Each structure stands twice: as C-alpha cells, then as structure tokens.
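Small disclaimer: the values here were computed from a predicted structure and weren't measured.
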Amino acid sequence: MITDEGMFNMDGAIFSFNNIFVDTDKLAFTAWQRFAMYEFGMGLPGKLAPQFANLTPEQGLTLVLKHFNTNLDASEKVQMITEWQKMLSEEADNLSENDQLPGIKRLLLNLYDHYVKIAVLDTNGDVQNILKQVGLDNYVDSIISYRDDENPYSAAINQLNLNGPACIGIGTTANEIANIHEINAIAIGIGDATQLASADYQVVQVGDLRYPMLQKIWEDKH
C-alpha cells in the first residue's frame, strides 16, 4: 500500500499463535498434567513445565511417556493425543480476557488502525475459540489453516491475496522465522534471542512490540 506521502506501508501481519496471544505453554502443560493424572493416576511436577515449552503434541506425549517409563504403539499414541487435545480444549474454555498476554491487544489495534491485514496461524484448529474466549477475535482478519507439508506463512499470504515482501511475519521458533524468510517477509521473533538469532528483529515478549517500531523496521528493509 502507498500512502498519500508516497511511502510504502506494510499490508499484512502474519502471527504465529503460540505464546503471542496467550501463554500457550502454560495452557498445554496444564492439559498434560490433567492427562497424566487421568492416564497414570499421577500428575506431572511443575518443575517439568519448561521442558514442554513450544512442543508439538507428539513431542509432549513423548516426554510424558518417558516420565512414566511407558511405551505405546502408534495407534495408542494417536488415541492419547486425541484425549489430550480434548483436555486442552476444555482448558481453553476456561480462558478469559484476563489471560491476554500484555500488549497484544494494543498491537492488534495499532495494526488495525493502520489498515494492516492481520492473520493468525492455526495449528490445532482451536485458535478461533481461544481468541473469542480472550476477547481478541474481532481484531483478526483471518485464521489460517494449512497442510502439514505447507509453509503456513505462504498459506497466509495466498489466502489474504498479499505479497510476502509487503508483510511482516511474527514467530516464536527458529523454524517459524525460517518460514517467514522463505516468503521474503520481515521476520519478527518473540522469545529467546539465541534461538531466534536469524530474525530481522527480536524481542523477549509481545508487549515489547510497538507499531512505530515495526513500521520503521519494515521501511528500513525497503
């Protein structure tokens, strides 16, 4: 988009969901604790929580099975992940606006006010429900579902009918940053600086991001 002053502004902002809108690590670990109590009659100690950060359901289940020294076949693992996802959904139903991570609503409003299309990647099919629970669904233009073999950020620009270089991508893992670079968008990393070293810009938490900062980063790259 070209402004009245002849300058280019970003057209889209594509967000990963995990640990940007709500504390998904906490949500997932609480569900794993319930799952462990249900399946093994014993919960998981809180000190294990950091080990479950930013894991896929398959990786989380592997840690649980290791903790209880248990082996399962492939079909049993699928059933257990389904059970855990049910518990995760139930935990999500208990969320409220108080569970928004600090600063995310302000950032979404600033982007919206500057006519930036906002997309959020949906890995497990529960993002729409969680955004509604925490009162952020009205600030998002599109929830992006995608195939396992597809770059989700590429799926987002296709669904929004945007060009990658006209967007910024926000992610929390090294793989997400790589996917953002693949579509030639500006990569903003939220989380550990070491893991996100390849990002164009990195902050510790979403509350550290401001729209003027993002716009300047975008302009400097163009």
Side-chain angles (χ1 to χ4, degrees), residues 1-22 24 100-128 130-132 134-191 196-222:
M1 180 176 68
I2 304 178
T3 67
D4 293 337
E5 294 78 17
M7 294 182 64
F8 286 91
N9 280 338
M10 70 182 82
D11 289 336
I14 306 166
F15 287 83
S16 167
F17 182 72
N18 289 346
N19 299 316
I20 295 179
F21 295 82
V22 299
T24 50
Q100 293 177 14
L101 286 182
I104 183 58
K105 185 175 182 178
R106 178 194 62 228
L107 179 59
L108 295 176
L109 282 170
N110 288 165
L111 290 167
Y112 180 84
D113 287 343
H114 287 85
Y115 306 103
V116 179
K117 290 184 178 179
I118 299 169
V120 182
L121 306 180
D122 189 357
T123 302
N124 298 316
D126 52 6
V127 166
Q128 182 69 50
I130 294 176
L131 289 177
K132 185 176 181 180
V134 300
L136 295 175
D137 55 317
N138 290 330
Y139 306 107
V140 173
D141 294 294
S142 186
I143 306 295
I144 306 298
S145 299
Y146 52 92
R147 303 187 312 271
D148 290 341
D149 61 348
E150 186 177 22
N151 179 339
Y153 292 89
S154 179
I157 61 173
N158 289 335
Q159 291 182 40
L160 291 173
N161 196 28
L162 296 174
N163 294 317
C167 300
I168 62 170
I170 300 94
T172 59
T173 68
N175 185 57
E176 289 170 350
I177 298 302
N179 283 335
I180 295 167
H181 282 310
E182 191 174 289
I183 65 167
N184 297 314
I186 303 301
I188 307 297
I190 299 178
L196 304 173
S198 62
D200 295 299
Y201 191 79
Q202 180 271 332
V203 294
V204 175
Q205 55 196 2
V206 68
D208 296 331
L209 290 179
R210 301 289 192 278
Y211 175 80
M213 176 195 306
L214 293 176
Q215 179 63 26
K216 184 177 186 307
I217 295 165
W218 194 90
E219 290 173 359
D220 288 346
K221 292 289 184 177
H222 293 78

>> Using the rule given for side chain to side chain contact (heavy atoms under 4.5 Å, CB included), can you reason through Ser142 versus Ile144, listing the C-alpha separation, both sets of side-chain angles and the distance that settles it, and then say yes or no?
In response: CA-CA 6 Å; Ser142 186; Ile144 306 298; 3.3 Å; yes

>> Please determine whether side chain to side chain contact (heavy atoms under 4.5 Å, CB included) holds for the pair Tyr139 and Asp137, giving the CA-CA distance in whole Å, both sets of side-chain angles, and the decisive distance to 0.1 Å.
In response: CA-CA 5 Å; Tyr139 306 107; Asp137 55 317; over 6 Å; no

>> Set out, in order, the CA-CA distance, both residues' side-chain angles and the distance that settles side chain to side chain contact (heavy atoms under 4.5 Å, CB included) for Asp11 and Tyr115, then state yes or no.
In response: CA-CA 7 Å; Asp11 289 336; Tyr115 306 103; over 6 Å; no

> Given Ile104 and Leu136, is the side chain to side chain contact (heavy atoms under 4.5 Å, CB included) satisfied, shown in steps?
Replying inline: CA-CA 9 Å; Ile104 183 58; Leu136 295 175; 4.0 Å; yes

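At least one donor-acceptor pair closer than 3.5 Å links the side chain of Gln202 to the backbone N or O of Gly191. Panel note: side chain Gln159, backbone Ala119; no donor-acceptor pair is recorded below 3.5 Å.
Each of Asn158, Thr123, Asp122 was evaluated against Tyr146; a single residue qualifies, Thr123, per the side chain to side chain donor-acceptor pair (under 3.5 Å) test. Applying side-chain contact (heavy atoms from CB on, under 4.5 Å) to Ile190 and the options Val204, Leu209, Asn18 leaves one that passes, Leu209.
Annotation: the span from Asp220 atom CG to Gln215 atom CD amounts to 10.0 Å, rounded to 0.5 Å. Of the inter-residue distances, the one linking Asn151 atom CG with Glu176 atom CD reads 10.0 Å to the nearest 0.5 angstrom. Of the inter-residue distances, the one linking Glu219 atom CD with Leu214 atom CG reads 11.0 Å to the nearest 0.5 angstrom. Note: Asn138 CG to Leu131 CG = 10.0 Å, rounded to the nearest 0.5 Å. The distance from atom CD1 of Ile130 to atom CD of Gln100, rounded to the nearest 0.5 Å, is 13.0 Å. Remark: Ile143 CD1 to Gln128 CD distance equals 5.0 Å, nearest 0.5 Å.
Listed here is the closest heavy atom pair of Leu196 and Gly189: CD1-C, 3.7 Å. Leu108 and Ile118 make their closest contact through O-CD1, 3.6 Å (heavy atoms, listed as atom of the first residue, atom of the second, distance). Contact detail for Cys167 and Ala185: the closest heavy-atom pair is O-CB, 3.4 Å. Taking all atoms of both residues into account, the shortest heavy-atom contact from Leu107 to Arg210 is CD1-C, 4.4 Å. In terms of heavy-atom proximity, Pro152 sits nearest to Asn179 at CD-ND2, 3.9 Å. In terms of heavy-atom proximity, Ile188 sits nearest to Ile177 at O-CD1, 3.8 Å.
Counting non-hydrogen atoms of other residues, nucleotides and ligands closer than 6.0 Å to CG of Asp149 gives a total above 12. Within a 6.0 Å radius of CG in Asn161, no more than 12 heavy atoms belonging to other residues, nucleotides or ligands are found.
Contact annotation: the side chain of Ile170 never approaches that of Ile14 to less than 4.5 Å [non-hydrogen atoms, C-beta and beyond]. Side-chain contact between Leu111 and Phe15 is present, with at least one heavy-atom pair separated by less than 4.5 Å.
Asp200 has a carboxylate O that lies under 4.0 Å from a charged side-chain N of Lys221, or vice versa, which qualifies the two as a salt bridge.
A donor atom on one side chain and an acceptor atom on the other are found under 3.5 Å apart for Thr24 and Asn19. Defined by atom type and a distance below 3.5 Å, a donor-acceptor pair is missing between the side-chain atoms of Tyr153 and Ser16.
Taking the six-membered ring where tryptophan is involved, the planes of His114 and Tyr211 are essentially parallel, since the angle between them stays under 30° and well short of 60°.
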